[in-house]
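Okay, so here's the structure we're looking at.
Lettering follows sequence order; numbering is per chain, from 1. Since the structure is predicted, the reported quantities are computational estimates derived from the model, not experimental observations. Atoms considered below: every heavy atom in the structure, side chains included; atoms not considered: hydrogens, waters and symmetry mates.
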Amino acid sequence: MRLREAKRAQLAARGLGSYPNDFEPTHSTAEAYALFIAQRAWLEPFSPLAPGEEAAPETGKGGPQLEAPWLRLAGRVRAINVKGKVAFVRIQDRGAIDLPTLRRRENALRVEAGLPERDAETATFQLFFSRAEDEERFDLLFKSDGEQPPLLDVGDIVGAGGLPFRTQTGEPSLRLRTGMGQAPTLQILTKSIRPLPDKWLGLQDKELRHRQRYVDLIVHDEVRARFAARARIVSAIRRFFEARGYLEVETPMMHGLIGGAAARPFETWHNALGVPLYLRIAPELHLKRLVVGGLERVFEINRNFRNEGLSQRHNPEFTMLEFYEAFATYQHLMTLVETLLEELSVSLHGSSTLHFGVDAAGEKRAISLAAPFARVSVWEGLQRWGGLSAAEVHDAAILRAKLRGLDLEPAADAPIGKLQMDLFEAVAEPHLIQPTFVTAFPIEVSPLSRRNDADPRLADRFELYIGGFEVANAFSELNDPDDQYQRFDEQVQQKAQGAAETMDMDLDYIRALQVGLPPTAGCGVGIDRLVMLLTNTESIREVILFPLMRPEQFGAAGGDDASADAQASDGQEAGAGAATGRVGGGAEPR
RNA sequence: GGGUCGGUAGCUCAGUCGGUAGAGCAGCGGACUUUUAAUCCGUAGGUCGAGGGUUCGAGUCCCUCCCGACUCACCA
């Protein structure tokens, strides 16, 4: 690293500037690559001619000479391969996400043309620099002059200009050229002074990968691809709802009351108003207020915050899709969710079948998102997987005994609906691999759901399970203000008895219901878990760019941390345990 | 909080019975005019997570602590 800082100084000293910002690429690497498969002649090795340039047979090594447009590319250097008087530099830019797809498309064309297939996984684009093109620059960047090492390093951001051509081995490349009023062959735009990890194995330490996601994204193609997929999924969800007349809205992240779900909140404080606020645990009550206000179809994709533990499937802040539709029931929403998931799978994978995890035999587990999904009621599930008879499902003593048999100690005052759900989750969830709507929830665990007309013990509600975990939760909304008041009141009493995860009495919400909520159904979908499912990812931390982690300690023992390097002259005490990154000399890197 | 595993060069990892600290990649020097995990020759790089103990001698054995991964519990 010290050596690289010296190189940066050298660049400045030679008038090559540090941190120039006037280089304008004409193409991304993917756009450049697309040129190579747009016409048949470019599929086989050729040498480039600038527009108007005369062919010169002696320079035509590698195939016929073809006229080609001048390109400027910019990207991060991922590999340098100097071979005598020529150098190959592989760069990576935003086109890396699309390059594998383009390479596969090229292979299809090559097969059609009778040419051998080529490696399709590489996400970098090759630059070809012949020393004859610009000896001085070539030597500066790639050769040692006895004192000064080569100035170009893996990790640097470069700008390159030249003509597209295909090498003898068939690799689409940019042949760096100078002159004709164009930018120089190759220039360093940003010097990277911190070396990248191993070029093949990358970063293996999960902690480092999550803390230094910027490095993770540079060196791991599959990580980049996964987050690109996430963006496509979210975008497709928006289009899906917009096409159905839904309005996307944003409701408060800071709430004065806890509501919309059962979870512990993060607490904060507003100084000017002098009131406590809670980061929202769900947007539900605000979205339903909007339906009262006449926005009959609304959706929100935003963060929820729950002050709970971390696990492979839990992050304290997570992204939730919630949508509400007036004059619909939870039955309608089942159809809607089926359609959404099938469309997402098809648009992402080209198929309604995807693979998620492995089964007991270690085989890839196929999941079919083709509608319709299976449906099972909570009571049926207890019978099917819990070994209960139809009568035992309603016997609190039996349920308690079963739970104890599973080492789950039910609360002494737990209502029967809570016992049923606890047992259901324990015995049924592992079986819900293929998409399954669980329906007919006990009313006691559904404080915001409409009561079932036929059976007052049940709520008009479903949860969707896929791959053994909950993906969606929906119900026909309770729109009777008196009933809602009662249920809030029960929550408040539970809280008074010490329950940590309850809702507050929300009198404004009651007032909204008194104004009148049309018959409405609403649904919440955990976006992170949905992305996990659609990208075959086992951990929620792999689908969240910056998952919550314990704060990093800078300035502790050990040389290679940002504050020690950046503030080497900072004489403050930074002993282990003293610096937390927020206090003292251990400042965060900027 | 419990259990299991781990922390050795910038990165990925070896390190036998307790006996001079190792490799590949990256770096640095050299050769090479179509490579693509380039190749070949040379070279440099270490407070073995921290502290204590046992020992003639500790990366290795013991104790305490720190950090992390996985997992269980917790988490509608």
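- Arg166(A) contributes a side-chain N or O that, together with a main-chain N or O of Trp42(A), makes up a donor-acceptor pair within less than 3.5 Å.
- Between Leu208(A) atom CG and A69(B) atom P there is a gap of 10 Å when expressed in whole angstrom units.
- Ring geometry for His286(A) against His255(A) counts as tilted: the plane angle lies between 30° and 60°, on a 0 to 90° scale.
- Proximity note for Lys206(A) (side chain, C-beta onward) versus U34(B), A37(B), A69(B): the nearest is A69(B).
- Atom CG in Leu478(A) sits about 17 Å away from atom C1' in A76(B), given to the nearest Å.
- Among the protein residues, Arg264(A) comes within range of no part of the nucleic acid, since none of its heavy atoms lies under 4.0 Å from any strand.
- Nucleotides A31(B) and G68(B), compared at atom P, are 48 Å apart to the nearest Å.
- With rounding to whole Å, Phe129(A) atom CZ is found 16 Å from U34(B) atom P.
- Classified by interplanar angle (parallel below 30°, tilted 30° to 60°, perpendicular above 60°), the ring pair Phe266(A)/Phe305(A) is perpendicular.
- Here, A50(B) and U8(B) have their C1' atoms 15 Å apart, quoted to the whole Å.
- Residue Pro149(A) has its side chain nearest to C28(B) when only C28(B), U12(B), C67(B) are considered.
- Residue Arg209(A) is out of contact with every strand shown, counting any heavy-atom pair closer than 4.0 Å.
- To the nearest angstrom, P of A37(B) lies 16 Å from CD1 of Ile80(A).
- Judged by distance alone with a 3.5 Å cut-off, no donor-acceptor contact links the side chain of Asp198(A) to the base of G10(B).
- Closest to the side chain of Ser144(A), from the set A76(B), G29(B), U34(B), is G29(B).
- Nucleotides U55(B) and A44(B), compared at atom C1', are 34 Å apart to the nearest Å.
- With rounding to the nearest 0.5 Å, the separation of NE2 in His314(A) from CG in Leu310(A) is 10.0 Å.
- Atom CG of Asp205(A) sits about 9.5 Å away from atom CZ of Arg211(A), to the nearest 0.5 Å.
- Put simply, CG on Asn81(A) is 12 Å from C1' on U33(B), counting in whole angstrom units.
- Proximity note for Lys83(A) (side chain, C-beta onward) versus A76(B), U34(B), C75(B): the nearest is U34(B).
- The side chain of Arg550(A) approaches G68(B) more closely than any other nucleotide in the set G68(B), U34(B), C28(B).
- With a 3.5 Å ceiling on both atom-pair distances, G57(B) lacks any Watson-Crick or G-U wobble partner.
- Both tests pass for Arg175(A) against the ring of Phe165(A): distance under 6.0 Å to the centre and angle within 45° of the axis.
- For the C1' atoms, the distance from A26(B) to C67(B) is 26 Å, rounded to whole Å.
- Nucleotide G51(B) is matched to C63(B) when pairs are restricted to Watson-Crick or G-U wobble geometry with both distances under 3.5 angstrom.
- In this structure, the CZ atom of Arg211(A) is 9 Å from the C1' atom of G68(B), given to the nearest Å.
- Between Leu201(A) and Lys85(A), the residue whose closest nucleotide on RNA chain B is further toward the 5' end is Leu201(A).
- Considering only side-chain atoms of Glu470(A), the nucleotide from U33(B), A76(B), C70(B) that sits closest is A76(B).
- Residue Glu207(A) is in sugar-phosphate contact alone, with no base atom involved, counting any heavy-atom pair closer than 4.0 Å across all strands shown.
- Under the Watson-Crick or G-U wobble criterion, with both distances below 3.5 Å, G45(B) has no partner in any strand shown.
- Remark: the separation of the P atoms in C61(B) and A14(B) is 15 Å, to the nearest Å.
- Nucleotides A9(B) and G45(B) place their P atoms 15 Å apart, quoted to the nearest Å.
- Between the side chain of Arg461(A) and the backbone N or O of Arg451(A) there is no donor-acceptor pair closer than 3.5 Å.
- For Lys199(A) and A38(B), the shortest distance from a side-chain N or O to OP1 or OP2 is below 4.0 Å.
- The distance between atom CZ of Phe424(A) and atom P of A76(B), rounded to the nearest whole Å, is 17 Å.
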- Query: Could you go step by step and tell me if Thr122(A) and Leu99(A) meet the side-chain contact (heavy atoms from CB on, under 4.5 Å) rule?
  - Reply: CA-CA 7 Å; Thr122(A) 314; Leu99(A) 276 176; over 6 Å; no
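- With no hydrogens or angles considered, no side-chain donor-acceptor pair links Thr178(A) and Asp134(A) at under 3.5 Å.
- Here Asp119(A) lies out of heavy-atom contact (under 4.0 Å) with every strand.
- When distances run from any side-chain atom of Ala261(A) to the nucleotides G29(B), C67(B), A76(B), the shortest one goes to A76(B).
- Comparing U47(B) with A21(B), their C1' atoms are spaced 13 Å from each other, to the whole Å.
- Comparing Pro197(A) and Phe128(A) by the nucleotide of RNA chain B that holds the closest heavy atom to each, the one mapping nearer the 5' end is Pro197(A).
- When distances run from any side-chain atom of Val82(A) to the nucleotides C32(B), A76(B), G24(B), the shortest one goes to C32(B).
- Regarding contacts with the backbone of C70(B), every side-chain N or O of Gln312(A) stays at 4.0 angstrom or more from both OP1 and OP2.
- At whole-Å resolution of the value, CZ in Arg529(A) and P in C75(B) are 14 Å apart.
- Relative to the side chain of Gln204(A), the nucleotides C70(B), U12(B), U34(B) differ in distance, and U12(B) lies closest.
- Here C25(B) sits opposite G10(B) as a Watson-Crick or G-U wobble pair (both hydrogen-bonding atom distances under 3.5 Å).
- Phosphate contact (OP1/OP2 of A76(B), side-chain N/O of Arg306(A), threshold under 4.0 Å): absent.
- Comparing the same atom, C1', in C28(B) and in G10(B) gives a spacing of 14 Å after rounding to whole Å.
- Contact annotation: side chain of Thr167(A) to base of U35(B), donor-acceptor pair present below 3.5 Å.
- Pairing of U39(B), defined by two Watson-Crick or G-U wobble distances under 3.5 Å, is identified with A31(B).
- With a cut-off of 3.5 Å on both pairing distances, the Watson-Crick or G-U wobble partner of A69(B) is U4(B).
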